[in-house]
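This report refers to the structure that appears directly beneath it.
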Amino acid sequence: MERRIDCCRFCNIFDKIYNYEIDKPFACNEQFMAVASIGAMVEGWTLIIPQKHQLSMKLCYNEMAFKSLVNKIIPVMIEKYGSLIAFEHGSNKDGSLTSCGTNHAHLHLVPFYDQGTLLSSYRPRMKWDTSHSSEIAEKVKNNEYLFYYNLKTSIEWNNPQGQLHILKEPVSQFFRHFIAFYLGRSGESNYREFPFLKNAEKTRETLAYANALN
Ligand SMILES: [Zn+2]
Ligand SMILES: [Zn+2]
């Protein structure tokens, strides 16, 4: 039996219970869905969410249903918005700071250009290991982690080689703070205070339309 949590916002979305209009997935298959993100500092900010309630994506990356949905979304996003960064803050404990308020796994896809040097200059002492997405589960074991992958020209998610950091302590909204910093909008990185619902509405509208055409 799959673990399912009644008060989980993402489990609710799979049950078609929506807090906001933007919660309605703009694309999905039997195991994953794509939803416009709340707190989107830029239009296009998307979450890929597994149906099964789990704390991180580490076991999802090898699933065909994940690859199949993400490979439908990425080319459309790149065409509409240009380069993307894909990232995950993988938590391992209900209520962990790392989960940023939701205990349900998700991968962020965000229009953002990084040649691969921004994160190292943002946190110079932080160690990142090159890692295929398929290797994360084995490398992190029960630790929490951060993973990102820059999608510049590649329009396919095929076990990408991204950067992995194993956390010693939980960290809150790490990538949001990083992106806000480079957008010059550090004061607006907390999605609870700045939900940016208008951006999410535009994302949903644009990507739902583009997906319908594909
Ligand atoms: Zn859930
Ligand atoms: Zn998140």
Side-chain angles (χ1 to χ4, degrees), residues 1-20 22-26 28-61 63 65-66 69-70 73 77 84-112 119 133 136 140 144-151 162-165 167 170-181 183 185 188-197 199-200 203-204:
M1 189 76 180
E2 282 186 2
R3 184 164 166 244
R4 198 198 165 290
I5 307 291
D6 286 332
C7 59
C8 171
R9 183 173 149 243
F10 292 167
C11 283
N12 281 341
I13 292 177
F14 271 100
D15 288 343
K16 299 191 168 39
I17 301 166
Y18 307 120
N19 284 350
Y20 307 95
I22 55 123
D23 282 346
K24 288 184 186 166
F26 61 80
C28 60
N29 62 24
E30 63 290 353
Q31 290 178 50
F32 291 86
M33 61 182 179
V35 174
S37 178
I38 288 180
M41 285 172 273
V42 292
E43 187 191 324
W45 199 310
T46 291
L47 305 178
I48 306 292
I49 307 172
Q51 176 161 28
K52 187 178 168 191
H53 186 94
Q54 55 202 297
L55 288 164
S56 73
M57 295 290 290
K58 63 188 177 194
L59 298 176
C60 298
Y61 289 125
E63 289 187 25
F66 168 76
L69 184 66
V70 90
I73 305 299
M77 285 188 69
L84 309 175
I85 182 170
F87 66 84
E88 187 205 351
H89 40 88
S91 93
N92 197 39
K93 189 166 155 266
D94 274 352
S96 166
L97 265 183
T98 307
S99 67
C100 301
T102 173
N103 295 314
H104 191 131
H106 55 280
L107 175 74
H108 292 251
L109 295 174
V110 181
F112 186 76
L119 247 163
S133 61
I136 296 175
V140 303
E144 302 198 321
Y145 62 92
L146 303 170
F147 178 72
Y148 73 93
Y149 173 54
N150 290 309
L151 288 135
Q163 299 295 316
L164 176 70
H165 175 82
L167 289 165
V171 59
S172 172
Q173 303 196 45
F174 175 84
F175 288 107
R176 295 187 58 79
H177 293 317
F178 160 67
I179 289 172
F181 176 80
L183 295 176
R185 298 168 64 178
E188 301 173 3
S189 64
N190 189 326
Y191 74 89
R192 293 182 189 87
E193 284 175 57
F194 298 94
F196 295 118
L197 292 178
N199 275 348
T203 302
R204 191 174 174 279

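Values in this document were obtained by computation on a predicted structure and should not be read as measured data. Whatever order the structure lists ligands and atoms in, that order sets their numbers, starting from 1.
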Handout entry: Short side-chain to backbone donor-acceptor contact, Thr203 and Asn199, under 3.5 Å
Key = yes

Problem - Name of whichever N/O/S atom of His108 is nearest to the Zn ion (ligand 2) - result: NE2

Practice task
Please check if the distance between the ring centroids of His106 and His104 is under 6.0 Å.
Solution key: no

Fill in the blank from the handout: ang(NE2 His106, the Zn ion (ligand 2), NE2 His89) rounded to 10° is 110°

Handout entry: Proximity of His89 and His165 rings by center, below 6.0 Å
Key = no

Exercise for the section: Could you tell me the angle subtended at the Zn ion (ligand 1) by ND1 of His53 and ND1 of His104, rounded to 10°? Expected result: 110°

Practice task
Can you measure from CG (Asn19) to CG (Asn12) and round to the nearest 0.5 angstrom?
Solution key: 7.0 Å

Problem - Angle subtended at the Zn ion (ligand 1) by SG of Cys11 and SG of Cys8, nearest 10° - result: 120°

